[in-house]
Amino acid sequence: MSIWTYIINRAIRAFFLILGIIVLTFLLSHVLAPNPAYVWAGPHAAPSVVQAIIGEYHLNQPLYVQLYYYLISSLTFNFGISPFFKQPVSELIATYLPRTLQLIFVAMILTGLIGIFSGAFAAEHKDEWGDYTVKALYLISWCMPPFLAALLLQLFIAYKWGFLPPNLMADPTLPSPKPITGFPIIDAIIESNWPYFISSLRHLILPAFALALISFGIITRITRSSMLLSLNADYIRSAIMRGVEKRRVIYTHALKNSMIPVITLLALVFSWMISGSVIIETIFSYQGLGWLLTTALYNYDYPTVIGCSIVIGIAVVLANFVADVLYAVIDPRIKLG
Amino acid sequence: MGLTLDIEELYVTYRTPEGNIPAVRDVSFTLSEGEILGIVGESGSGKSTLALTLTGLLPQNVHVHAKRMNILGNDIDTSNLRKALDPLRGVGIFMVFQDPFASLNPLIRIRDQMAEAYVTKVRQKHGIKLGVDDVDDEELIEYLKRVNISDPHISIYKYPHQLSGGQIQRVMIAMALILEPRILIADEPTTALDVITQIQVLHELKRLVDEIKTSIIFITHDIALASVVSDRLAVMYGGYFMEVGDTLNVLKEPLHPYTVGLISSIPNKRKSEGYLSEIKGLYVPSETGGCPFAPRCSHAKDICIKEIPIMREINGRHIRCFLYG
């Protein structure tokens, strides 16, 4: 099987998974609010308004007809208009999602760097003090509830020592760049708006580090054990046997093989981070998708909640798809099976 | 002919939480240039541990002690074998492993792994540092041709899993051709292969001796296979060398009861009827400090259970058995 067949195969699976997610949110929404029109219209809405909503969203039709409209609109990213923000939900998501993605992107890089290097370090110093220190550090960060880690970072680094700003996405007194790509940092670069760029980068560090802090442990652990496994493998002995230098043995032979489980894990970490960002964004008043979701939840903003859930679901499926593809690119054996 | 290996009273002990497990005991032997020494023994007899000791690839929890360990003229410090053997691995001593599918990195193309051997040769022989990418592909393909790999121009760019076990062992032998090691250790290199491929790989190994004058330690559990290639045979049991001698002599007239048992259990035409004879029982570690083979030996006497016989020389043969003094 060629790599393209494999990718197409995975893409088809991902598509059906996304369909499944949409159907699931549809079912959930009917369990949570049997008649969403009342929630939607607000507690004091006139009956005629409720009737209008029921008509507009086909809520008086049989379930399967509703599901049909629901699928069609979801797949075209038409999630309706948010009653709270008075804006189409798709526009809201287009504004808020890139902010979360840039946060997660930085957090993933931090997680990967901290996780892989601490893991490789621990494997190299197995059963020595270095190994134990790394283990203690990641266990502490792992066990800590996400909000506690975030609050501690905020308390010490921002408020006590004043190294970094405690909240928001950028200095509010600075003019924000026009949304071209939607990613504030990239837009700032395009506009050469350097003060904003530096400010938003500084605001990004703490929440990104908080996200990294709660998720690097698993990467450390898997890198360490997978590194130890590969260092004991026959092909490592055989590489040593033909006189390959130690640095190449560790960084080309062992680390490359140890990265296979780590890459799948990074996709998993991405999905944790998307859910973790809900809490972290709230603590740091970082106005991303998580912040949008919590605000919508507090205000009974039904379409926005569904829209965000579907987008988050799709993001997780896509992350796993990317992991599968990377997996095949790194490990040539995957293409066979 | 000079000696490439000179080992005297080698002991290798695994240290485990349950206690010390001796794997190699009182092993002494020499290896001459261009000689093939076959080491025969069943699983757990210590033959693989011996191979890993000579290459310094033992795990950390192992204690090695030897009265003398001279490899290629260097006296080796047994307290830090891994480090002491660093400069010898490659051009000095090379090893082909038992499981062909595990012995090459699955994520790296054959070409690059062969190129690594080439880089080592250039570094160790000429002191020139090359990168893996600097190696000429055509030159590597020539080596693959010499070991009769099918379609060397295509095979060289493949990943290990795309080759068969026999082809990978040929790649390993091609690496040996590149490195021209003075000692080659082959640890059951043909066990994972079918019979036809086995003979072909053995043939390639024997050609190595003719082409690059290497000494080979050929480790196997199959005495018939060992006798095909080896000049001398060493029979190993429970960590001891039980009998060492010229292959022909050992085969014609085995002296040690264990060797006798091994040879009579080789299937051949003369024994085409009836049952194949076998050595009764299984290997059990001796707790009394006696001969490890005593519990299975039909000639066992009282002394065999209490004491371990010393190695005696009889007509150019070395035997460790109370039957011979």
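In what follows, every heavy atom counts, from backbone to side chain, and hydrogens, waters and symmetry copies are set aside. Order of the sequence lines sets the chain letters (A, B, ...), proteins ahead of strands, with each chain counted from 1.
Contacts of B:Gln98 with chain A are absent, with no heavy-atom separation under 4.5 Å from either backbone or side chain. For B:Leu52, the part lying under 4.5 angstrom from a heavy atom of chain A is the side chain only. Both the backbone and the side chain of B:Phe94 come within less than 4.5 Å of a heavy atom in chain A. In this structure, the portions of B:Met95 lying under 4.5 Å from any heavy atom of chain A include both its backbone and its side chain. At a 4.5 Å heavy-atom cutoff, B:Lys158 makes no contact with chain A through either its backbone or its side chain. Both the backbone and the side chain of B:Leu57 come within contact range of chain A, each with at least one heavy atom under 4.5 Å from a heavy atom of that chain.
The local environment of CZ in A:Phe15 is sparse, with at most 12 non-hydrogen atoms from other residues, nucleotides or ligands closer than 6.0 Å. For CZ of B:Phe101, the number of neighbouring non-hydrogen atoms (other residues, nucleotides, ligands) closer than 6.0 Å is greater than 12. Annotation: B:Phe29, atom CZ; neighbour count of heavy atoms from other residues, nucleotides and ligands within 6.0 Å is above 12. The neighbour count for A:Phe270 CZ, taken as heavy atoms of other residues, nucleotides or ligands under 6.0 Å away, is above 12. The environment of A:Lys126 atom NZ is sparse: at most 12 non-hydrogen atoms of other residues, nucleotides or ligands sit within 6.0 angstrom. Within a 6.0 Å sphere centred on CZ of B:Arg111, heavy atoms belonging to other residues, nucleotides or ligands number more than 12.
Highest contact tally toward chain A, considering only B:Leu179, B:Val119, B:Val132, B:Val91, is held by B:Val132 [criterion: heavy-atom pairs under 4.5 Å]. For chain A, the option among B:Ala102, B:Gly90, B:Gly92 with the highest count of heavy-atom pairs below 4.5 Å is B:Ala102.
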Item checked: side-chain contact (heavy atoms from CB on, under 4.5 Å) between A:Tyr235 and B:Ser103, intermediate numbers included -> CA-CA 4 Å; A:Tyr235 58 78; B:Ser103 60; 5.8 Å; no
(message) Assess the residue pair A:Arg242 and B:Arg89 against the criterion (side-chain contact (heavy atoms from CB on, under 4.5 Å)); give the C-alpha distance rounded to whole Å, side-chain angles, the decisive distance to 0.1 Å, and a yes or no.
(response) CA-CA 6 Å; A:Arg242 57 178 180 272; B:Arg89 275 186 227 109; over 6 Å; no
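The shortest distance between side-chain heavy atoms of A:Lys246 and B:Asp86 does not fall below 4.5 Å. At least one side-chain heavy atom of A:Ile240 sits less than 4.5 Å from a side-chain heavy atom of B:Arg82.
To the nearest 0.5 Å, the span separating CG on B:Asn105 from CG on A:Asn257 amounts to 4.5 Å. Between atom CD1 of residue B:Ile185 and atom CE of residue A:Met241 there is a gap of 6.5 Å, rounded to the nearest 0.5 Å. Annotation: the span from B:Ile168 atom CD1 to A:Ser238 atom OG amounts to 10.5 Å, rounded to 0.5 Å.
Using modelled atom types and a 3.5 Å distance limit, the side chains of B:Glu116 and A:His253 yield a donor-acceptor pair.
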